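Okay, structure first, notes after.
Keep in mind that this is a model prediction, so the values were computed, not measured.
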Amino acid sequence: MIHHYEYGLRRYEDCFNSRQLLTLVTYIEIINEAKALIQAEYEWEKAQAISTYLALVSDRCVDRNCRLSIWHTARASIERASTQHALNLTWNYPEINGAGELWVSCADAFASDYENLCALFGTKPGTTGIPGIEQHDSKSIQIESASADNLTHIPDNSVDAVITDPPYYATIQYAELSDFFYVWLKRTLGDIFPELFYLELTDKDREAVANPSRFRNMGVSPEELANQDYEAKMAMAFAEYHRVLRDDGVMTVQFNHKDSGAWDVLAKSLIDAGFEITASWAVSTENPQNLHQAQKNAVSSTVLLVCRKRDPNAEQAWWDDVRIDVRNIVFEKAPELEKCLTEDSRPAADRVVDPQRRIKPPGINLCLSAFGSALSVFTKYSSILDSAGNPVEPKAAFEEVRQAVVEYRLQNLLQGKDFNGIDPLTQWYILAWDTFEAREFPFDEARQLALAVGGFDVSDLVKKHKLLDSASGYCKLLTPQQRLKKRAFSVTDTEFSARYLVDGLHAIIALYQEEENTEPVRRFMKNTGLVSNDLFMRTFEVALKVIPRIGDEKKRIPEEKALLDLWLAMDEIKAKVSYKQTELPLNNGQLSLNLDFGG
């Protein structure tokens, strides 16, 4: 409970109020009494299974009936504490009647999962055994609890397929989350599986995640040591997979980390272990009920990497040649990847009900999916050397991928029109919205996008152009009003510089938001020449495409709302600029005609 210690949660019992504790402890006592009766009536293996099922039901009760459980207001239902892959405190928490409703609802949910599992085995719930498993014949299923870096129970070259979904650095601290359940399971299953519950809490030292809390006060950055530990364990695991996999076997790796550094480590681990990537597939894994969250820089797809053992006699290659192949495969695969990432995967009935719903653009997922395609080129060689003979690491391929994706997306957004006239700063701004679909995202991702676009240093985005505000490894796109206050641009037409088109966009947005009408925008665009600037109008249109559109009026992004209003009024703005005549002077409200007919 390290993270919640300062909030009064010093022991796991503090995650429950007295009534919840009494309910759950009573369940544990009843289960332990029932275990003795079960063991007296059934053979040991069946008694183990029944006791395990009861313990899992009780753990589901723990998950739903604690101070960390969540009340879902929209659905008027209770969500489990572990729903968000983190144990978060809530202002208010729901409770369920422990006298009957809690156990019954959790048991029903467990029974449904059990029936689905039985269906996979081809048996029916309630039968005395699972055919084929008890005899351990050639079609049997065997589940082992073992470490992925030490598969000593599996012979060399004996496995046809390896499917793995490895942890992603520090994204989820599985062992720390498991402790919440471990302390309860230990009291119901500790005597049945003593080899699994001999520790006070779960084993953090052998876990393959980057956990900085394990490396504090060692004289070196805890994050750096945690990353090194994670990378070493990943390398050992892939080496074991290579050992047990048949020469004609296949391994599928699921990966969806948005940090390109994680991809670099994954690629190096696969190459060092002797694998090459032969195919990659982008699969949308986002909840269709939560299709668009504009304020979050989230990865919504998983990339499936298909790997095989690399030919031990694979050749070396030169980076100058491989670089061309990497760019070509990105442009070749990008349309297919985009289709996979953007097609509407909802059931037909939902598409009929809401046919106009905006489908999430490819965003950062396109770049990550393209990484997989690039690795299929990069990993087929034993090594890749630059012109000086030095080894080239996978991150060089990822930089090439980013540049190719930048070109591809700009071409698509501009519908084939030339984008070279658009300044690099504006290109970056457009692609930041297109890629991250969020106002806030990691600063390193902003840096890498700046490198891909070229033409300026990423620090200029904060200090010089004041497009970003950065802190604690993250950055945030500033609004036009915030940039105006920092004097990043001027809304006075005589002081305005049209060097950066993004400044023009922000200027008209700021004017419109301040005055709440289009007349100041019309004057500004006329006097600065923006109204007749084709590149500016092209940028205007593209910005409106890439800034996320949110259905909830209260959550709409201000830039998108203002740009849409101005776009709808643009014909009127242009017409007034073109046809508004100079007014003749009036004298006391009357038209003054000075006609001189003198000779």
Any non-hydrogen side-chain atom of Glu176 less than 4.5 Å from a side-chain atom of Ser213? yes

Heavy atoms, side chains only, cut-off 4.5 Å: are Pro548 and Ile557 in contact? yes

Partners of Asn533 by side-chain hydrogen bond (donor to acceptor under 3.5 Å, both in side chains), sequence neighbours excluded? none

On a heavy-atom basis, which atom in Val453 and which in Pro424 lie closest, and how many Å separate them? CG1-O, 3.6 Å

Given the rule in the side-chain contact (heavy atoms from CB on, under 4.5 Å) test, do Arg327 and Glu407 qualify, once you have shown the distances and angles that lead to the verdict? CA-CA 10 Å; Arg327 287 181 60 83; Glu407 292 182 25; 3.1 Å; yes

Quick one, Phe180 and Cys15 - any side-chain contact, counting heavy atoms below 4.5 Å? yes

For the residue pair Leu566 and Thr518, establish whether any side-chain heavy-atom pair is separated by less than 4.5 Å. yes

Roughly how far, to the nearest 0.5 Å, is the NZ atom of Lys476 from the CG atom of Leu468? 12.0 Å

Does the side chain of Arg80 come within less than 4.5 Å of Ser69's, by heavy atoms? no

Polar side-chain atom of Thr379 near backbone of Ile277 as donor-acceptor pair, under 3.5 Å: yes

Side chain proximity check, Cys66 to Tyr93, heavy atoms < 4.5 angstrom: no

Lys466 and Ala488 have their tightest heavy-atom pair at CB-CB, 4.0 Å

Donor-acceptor pair, side chain of Ser490 and main chain of Thr492, under 3.5 angstrom: yes

Answer yes when Arg439 and Glu559 have at least one side-chain N-carboxylate O distance shorter than 4.0 Å, and no when they do not. yes

Salt bridge check, Asp534 against Arg538: does any charged N sit closer than 4.0 Å to a carboxylate O? no

To the nearest 0.5 angstrom, please state how far the CG atom of Asp386 sits from the CZ atom of Arg323. 9.5 Å

So, does Asp423 use its side chain to make a donor-acceptor pair with the main chain of Leu501 at under 3.5 Å? yes

For Asn92, look at atom CG and say whether over 12 heavy atoms of other residues, nucleotides or ligands are found less than 6.0 Å away. no

Could you walk me through whether Tyr230 and Asn211 satisfy the side-chain contact (heavy atoms from CB on, under 4.5 Å) test, starting with their C-alpha distance in whole Å, then the side-chain angles of each, then the deciding distance to 0.1 Å, before giving a yes or no? CA-CA 8 Å; Tyr230 166 78; Asn211 189 346; over 6 Å; no

Using every non-hydrogen atom in the two residues, find where Leu530 and Gly504 come nearest and quote the distance to one decimal. CD1-CA, 4.1 Å

Could you report the tightest heavy-atom contact between Phe441 and Ala446, atom names first, then the distance? CE1-CB, 3.7 Å

When rounded to the nearest 0.5 Å, the distance separating CZ of Phe378 from CD1 of Ile384 is 4.0 Å

Side-chain heavy-atom pair Pro166, Met234 within 4.5 angstrom cut-off: yes

Taking 4.0 angstrom as the limit, do Glu79 and Arg64 come out as a salt bridge? no

Would you check if the side chain of Lys464 reaches a backbone N or O of Leu461 as a donor-acceptor pair within less than 3.5 Å? no

What are the two closest heavy atoms between Glu560 and Leu544, and how far apart are they? O-CD1, 4.0 Å

Aromatic ring centroids of Phe540 and Trp567 under 6.0 Å? yes

Would you call Val502 and Phe489 a side-chain contact if the rule is heavy atoms closer than 4.5 Å? no

In plain terms, say whether Lys395 and Glu399 are close enough for a salt bridge, that is, a side-chain N and a carboxylate O under 4.0 Å apart. no

Using the ring centroid of each side chain, check whether His465 and Tyr429 are separated by less than 6.0 Å. no

Which heavy atom of Leu375 sits nearest to which heavy atom of Ala267, and what is that distance? CD2-CB, 3.5 Å

Short side-chain donor-acceptor distance under 3.5 Å, Gln482 and Asp469: no

Are Glu553 and Arg556 close enough for a salt bridge, meaning some N to O gap below 4.0 Å? yes

I'd like to know whether Met525 forms a side-chain contact (heavy atoms from CB on, under 4.5 Å) with Val521, so could you lay out the CA-CA distance, the side-chain angles of the two residues, the decisive distance to 0.1 Å, and finally the verdict. CA-CA 6 Å; Met525 291 185 66; Val521 176; 3.8 Å; yes

Check: Pro222 main-chain N/O paired with Arg216 side-chain donor or acceptor under 3.5 Å: no

Keeping the roles fixed (side chain from Asp434, backbone from Ile430), state whether a donor-acceptor pair exists under 3.5 Å. no

Is it true that Ser82 and Asp63 share a donor-acceptor pair across their side chains at a distance under 3.5 Å? yes

Rounded to the nearest 0.5 Å, what separates atom OG1 in Thr479 from atom CD1 in Ile509? 9.5 Å

Between CD1 of Ile508 and CE of Met570, what distance do you get to the nearest 0.5 Å? 5.5 Å

Test side-chain contact (heavy atoms from CB on, under 4.5 Å) applied to Leu413 and Glu541, step by step: CA-CA 9 Å; Leu413 291 169; Glu541 184 177 357; over 6 Å; no

Any sub-3.5 Å donor-acceptor pair from Gln173's side-chain atoms to Ala210's backbone N or O? yes

Donor-acceptor pair, distance only, cut-off 3.5 Å: does the side chain of Tyr512 make one with the backbone of Ala507? no

Any side-chain to backbone donor/acceptor pair from Thr435 onto Ala432? Under 3.5 Å, distance only. no

Charged N to carboxylate O under 4.0 angstrom, Asp503 versus Arg483? yes

At what distance, to the nearest 0.5 angstrom, does OG1 of Thr539 lie from CD1 of Ile422? 4.0 Å

Measure from the ring center of Phe496 to the ring center of Phe524 and say whether it is less than 6.0 Å. yes

